[in-house]
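Report on the structure given below.
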Amino acid sequence: MGPQPAQLSVPHTPLQHAHHAASHIHIQPQQQPQPQPPQTQQQQPSQPAQPQAQPQAHGTHQHPKHQHNKPHRKGEAEANRFANTSLEDLKSTIFSVCKDQHGCRFLQKKLEDGQESHVNLIFEEVSPHFAVLMTDPFGNYLCQKLLEHCTEPQRTQIVTSVAPELVNISLNMHGTRAVQKMIEYLSNQEQIDAIIRALRSSVVMLIRDLNGNHVIQKCLNRLTSKNNQFIYNAVADSCVEVATHRHGCCVFQRCIDYASNEQKYQLVKEVIGNALTLVQDPFGNYVVQYVLDLGNTEYSEPLIKNFVDHICGLSVQKFSSNVMEKCIRLASPTTRKLLVAPLLQREKLDTLMRDSYGNYVVQTALDFADSQQRVDIIEAILPLLPTIRHTPYGKRIYIKLQRD
């Protein structure tokens, strides 16, 4: 069987409060649907059916056991159809055999045997149809095996021939596996350049596709930073479009993982520039958090400063409120003081303490503010306590102050 597409893995942010369960869980892209045989559900009778006597032809008797064995025997016959067949017997028909489940397995075994004449014969008959076979439910597996066992010149010929169709193939649930295998076995710069030319203008579309995003991830994983620059240019130019998409936000993080220092700065600069849009988005907020979690103050400090004048509004939103808490925790003392200062305004503080999300930002500020600013926060809260102590969320602040 062919290789499975790489699964997207997004590190989880520790849950601080119950209300963050939805917004802290990192989104996983849907797995590529696996081809499944059609299943028919039979209706079950309400009462067990009574066996009915069947008229027997004179002189004949069919034992039920024989009837039950028929489907099994048919399956065995199909599986053994190529048992005594030589590859030469299939000459001129190999293309059609590729699309047969058992024929495809037979051909794969011939490739695994490593006999040069067999590899060459299969290549000669398959290569003109390679693009078609890459999206076939069975043929794609033979394509993967041939890419593994063919010679370098043969592989170059395959890559060059399918390049014009590579984007469409990558969007296909079977084709994406074959394209990933192709990228995995690229063996010279000519092949790599053909792949880059084929994908360059469709990077964002592929990233946002259920199947295509795995092809871009395979490039990130297998190609050098220099050869992957076309991906970084496309993602940087379409930062918001990529980072606010279910699959795109995960691929954006993988881009950061595989980036050179220059490429990482290229992406982070765009995140900082679009921080207010991203932090409020169901998926974009994860990209902001990922940059914060890199632990590089050259990235985190300018990113956090973008929120200083907006923290009160962002603290009462589902997706941005937990990012505000993280900013308070990770900011330098000087930046944290700037970030917490707007919370001291009486009207805004009253709103935050009554809010299902905002009250947690206030609690985080109490936990991480320096001693003097903490005193300032408490003094701002005390006049409001009588009115908020019995509200569903305000009483959490009251209990916290009583406990501390």
Side-chain angles (χ1 to χ4, degrees), residues 5-13 22-32 167 170-171 176 180 183 196 199-296 298-300 302-304 306-307 319-320 322-323 326-327 330:
Q7 296 297 317
L8 299 186
S9 166
V10 185
H12 288 261
T13 305
S23 57
H24 274 288
I25 297 175
H26 283 232
I27 301 297
Q28 299 288 345
Q30 300 175 19
Q31 294 184 350
Q32 297 185 65
V167 171
S170 299
L171 299 173
T176 182
Q180 289 174 71
I183 293 168
I196 293 172
L199 302 181
R200 189 194 305 275
S201 62
S202 304
V203 171
V204 175
M205 180 180 68
L206 290 169
I207 286 175
R208 289 164 59 92
D209 183 75
L210 173 65
N211 300 308
N213 80 86
H214 297 291
V215 170
I216 298 300
Q217 290 193 73
K218 181 62 74 171
C219 289
L220 291 169
N221 179 256
R222 301 295 296 188
L223 304 185
T224 65
S225 296
K226 180 180 178 181
N227 286 325
N228 276 327
Q229 186 60 47
F230 76 103
I231 297 175
Y232 288 91
N233 291 342
V235 171
D237 289 343
S238 303
C239 173
V240 173
E241 187 179 355
V242 172
T244 58
H245 187 267
R246 174 180 292 273
H247 305 312
C249 74
C250 299
V251 178
F252 200 110
Q253 293 173 65
R254 298 292 76 75
C255 286
I256 292 174
D257 290 341
Y258 289 107
S260 65
N261 289 334
E262 293 78 10
Q263 290 167 338
K264 189 174 295 185
Y265 177 74
Q266 182 183 10
L267 295 185
V268 170
K269 182 174 67 172
E270 295 301 323
V271 173
I272 293 171
N274 294 282
L276 283 175
T277 299
L278 298 179
V279 77
Q280 299 174 72
D281 184 78
F283 305 111
N285 80 90
Y286 300 127
V287 174
V288 174
Q289 292 188 62
Y290 204 75
V291 173
L292 290 171
D293 288 333
L294 292 175
N296 186 333
E298 292 182 8
Y299 300 154
S300 61
L303 182 55
I304 294 171
N306 277 324
F307 306 131
F319 302 111
S320 54
N322 62 311
V323 185
K326 178 169 286 190
C327 288
L330 298 180

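Since we're looking at a predicted model, the values are computed, not measured. The chain is numbered in sequence order, starting from 1.
The backbone N or O of Cys219 sits less than 3.5 Å from a side-chain atom of Asn228, completing a donor-acceptor pair. A donor-acceptor pair under 3.5 Å links the side-chain atoms of Asn306 to the main chain of Ile272, judged by distance alone. Remark: the backbone N or O of Val204 is not paired with any side-chain donor or acceptor of Glu241 at under 3.5 angstrom. Between the side chain of Asn274 and the backbone N or O of Val271 there is no donor-acceptor pair closer than 3.5 Å. Thr176 places a side-chain N or O within 3.5 Å of a backbone atom of Asn211 that can act as its donor or acceptor partner. Looking at Tyr232, its side chain does come within 3.5 Å of a backbone N or O of Cys255 through a donor-acceptor pair. Side-chain atoms of Glu270 never come within 3.5 Å of backbone atoms of Gln266 as a donor-acceptor pair (strictly under, hydrogens ignored).
Using a 4.5 Å cut-off on side-chain heavy atoms (C-beta onward), Val167 and Val215 make no contact. At least one side-chain heavy atom of Gln289 sits under 4.5 Å from a side-chain heavy atom of Tyr286.
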message = Asn227 vs Thr224, test: side chain to side chain donor-acceptor pair (under 3.5 Å). Steps then yes/no.
response = CA-CA 5 Å; Asn227 286 325; Thr224 65; 3.1 Å; yes
task = Would you please test Asn221 and Gln217 for side chain to side chain donor-acceptor pair (under 3.5 Å) and show each step?
result = CA-CA 6 Å; Asn221 179 256; Gln217 290 193 73; over 6 Å; no
request  = Apply the test side-chain contact (heavy atoms from CB on, under 4.5 Å) to residues Asp293 and Lys326: give CA-CA distance (whole Å), side-chain angles for both, the deciding distance (0.1 Å), then the verdict.
outcome  = CA-CA 9 Å; Asp293 288 333; Lys326 178 169 286 190; 2.9 Å; yes
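Between atom CD1 of residue Ile216 and atom CG of residue Leu199 there is a gap of 5.5 Å, rounded to the nearest 0.5 Å.
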